[in-house]
Amino acid sequence: MNLTDSKKKLALAGVVCGLVAACLAYFGNPANMAFCIACFIRDTAGALGLHSTETVQYARPEIIGLVLGSFLISVATKEYRSMAGSSPMTRFVLGMILAIGSLVFLGCPLRMIIRMSAGDLNAWVALIGFILGVGTGVFALKKGFSLGRAHTANRMSGAMLPVLMLGILVLALATTLLKSSQSGPGSMHAPIILSLIGGLIFGAFAQKSRMCFAGSIRDVILMKNFDLLTIIGSFFVVMLIYNIATGNFVPAFDTPGIIAHSDHLWSILGMYAVGFAAVLAGGCPLRQLILAGQGSSDSAVTVLGMFIGAALSHNFGLAGSGTALNAETQEVVAGGVPMNGRIAVVICIIVCFVIAFANKRSEGK
Amino acid sequence: MREVDARGLSCPEPMMLTEEALKADKGAVRVLVSEPHQKMNVEKCAKDHGRKFTSTETDDGFAVEIEPA
């Protein structure tokens with residue numbers, strides 16, 4: 001099965017993934033969150049007790065399903081390769097930046113597209129930052145940036161993250177060890193079995209289509225290649241139709257209750273850091289989970305970095321807060337990005353520049 | 001024959017190196033990659049340049065032999 005040899009097949013992959021996200025939103029996931037890698041990793045980190053924000057703790061089966069879906073389809077189609085050794089600790093730091101930047105904006109690139117399809121104009125503003133971040137990463141690539149070569153590793157190494165994900169699923173189903181939110185976004189979720197199946201399908205299609213939100217823009221800037229953008233375009237159209245059909249399409253900035261804020265400068269800078277870090281790491285947060293599933297220990301380390309980055313975002317008060325309605329006064333309370341989050345984003349961008357221009361291809365040979 | 005060793009490199013480096021080689025060299029080019037999706041990307045790159053190619057599996061990945069322009 002090859003989904004990359006025609007734009008029609010790539011568009012089909014985007015439609016399938018869009019339908020999965022729409023179904024999960026319909027069956028209980030927060031409406032304009034639907035399927036967010038950063039938010040769901042943050043929730044899973046909370047379920048494991050890595051942070052203690054009670055409203056965002058839930059072992060999201062979607063994350064588990066994505067990794068396992070990619071693992072199973074790559075083994076079945078002989079694309080599984082256990083590889084490791086391309087600057088793993090640098091990738092860990094890039095993973096932290098992916099999570100911190102995303103949670104300042106309140107969403108990974110996947111959720112940015114979902115928010116855009118729901119008319120959230122804040123997400124359209126953040127897209128500017130994301131494109132600029134990807135563009136900066138492309139500039140670094142043209143200047144010879146590389147994290148060096150990965151090498152073939154012991155076959156089991158690449159299967160470790162999928163096994164760990166399976167372990168989290170077992171803990172969620174068979175024990176009461178994991179934390180689970182009673183209110184807030186963490187308490188809003190589709191039934192476990194639907195989320196798991198959705199994750200498996202999404203993971204399999206993302207693996208076969210090479211879906212990547214940073215890669216789609218990177219390829220347009222770098223090679224005028226629109227293949228990956230076709231997937232994102234069809235995904236966006238499906239979510240747009242779903243949002244219009246269900247009355248969730250509200251073109252506005254300050255909409256209470258949609259887990260978004262209008263702190264535009266910090267939305268732009270947060271997603272700038274994400275776009276930049278994603279190009280340096282070779283893929284967006286979603287792509288990292290998929291690569292980890294198909295055997296890349298380097299991407300698995302990036303995923304671990306995202307878990308720690310997400311936990312720190314809440315332990316140190318870095319994450320943005322959504323605009324909300326005060327139930328008593330019925331006043332709209334604007335969300336935003338706290339000072340700690342702003343400082344963290346600036347540090348993240350500086351670290352991206354250091355990584356981008358301190359790692360040259362010749363050193364990796 | 002010019003050889004591009006892109007084994008173990010992250011996307012989009014294998015494609016960038018292939019592009020560079022195809023632009024600089026109208027002769028045959030042999031590209032080594034580790035993973036199936038990189039092999040497909042290199043093949044796509046050769047197609048975009050109107051070059052014929054043959055891909056074979058090696059001990060640690062794939063070799064894409066791109067014919068002269």
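Every chain is numbered from 1 and lettered A, B, ... according to where its sequence line falls, protein lines coming before strand lines. Keep in mind that what you see is a predicted model, and the values were worked out from it rather than measured.
- Here the shortest heavy-atom pairing between C11(B) and R218(A) reads O-NH1, 3.7 Å.
- With chain A as partner, the option from S10(B), C45(B), P12(B) having the largest number of non-hydrogen pairs under 4.5 angstrom is P12(B).
- Taking a 6.0 Å sphere around CZ of R155(A), one finds it holds 12 or fewer heavy atoms contributed by other residues, nucleotides or ligands.
- The shortest side-chain heavy-atom distance between P36(B) and R81(A) falls under the 4.5 Å cut-off.
- Here the straight-line distance linking atom CG of L147(A) with atom CD of E13(B) works out to 7.5 Å at 0.5 Å rounding.
- A salt bridge links K44(B) with D227(A); the closest basic N to acidic carboxylate O contact falls under 4.0 Å.
- More than 12 non-hydrogen atoms from other residues, nucleotides or ligands lie less than 6.0 angstrom from CZ of F53(B).
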Q294(A) and H37(B): side-chain contact (heavy atoms from CB on, under 4.5 Å), yes or no, with the steps?
CA-CA 11 Å; Q294(A) 66 183 56; H37(B) 67 270; 3.6 Å; yes

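- Although no hydrogens or angles enter the test, the distance criterion places no donor-acceptor pair under 3.5 Å between the side chain of R7(B) and the main chain of R149(A).
- With a 4.5 Å cut-off on non-hydrogen atoms, D5(B) touches chain A through its backbone and its side chain both.
- Looking at every heavy atom in both residues, M83(A) comes nearest to G8(B) through CE-CA, 4.0 Å.
- For M16(B) against L141(A), the heavy-atom pair with the smallest separation is CE-O, 3.6 Å.
- Residues L9(B) and S146(A) have side chains in contact (heavy-atom distance under 4.5 Å, counting atoms from C-beta outward).
- Side-chain contact between E79(A) and E35(B): absent, with no pair of heavy atoms (C-beta onward) separated by less than 4.5 Å.
- In this structure the side chain of L17(B) reaches within 4.5 angstrom of the side chain of R361(A), judged on heavy atoms.
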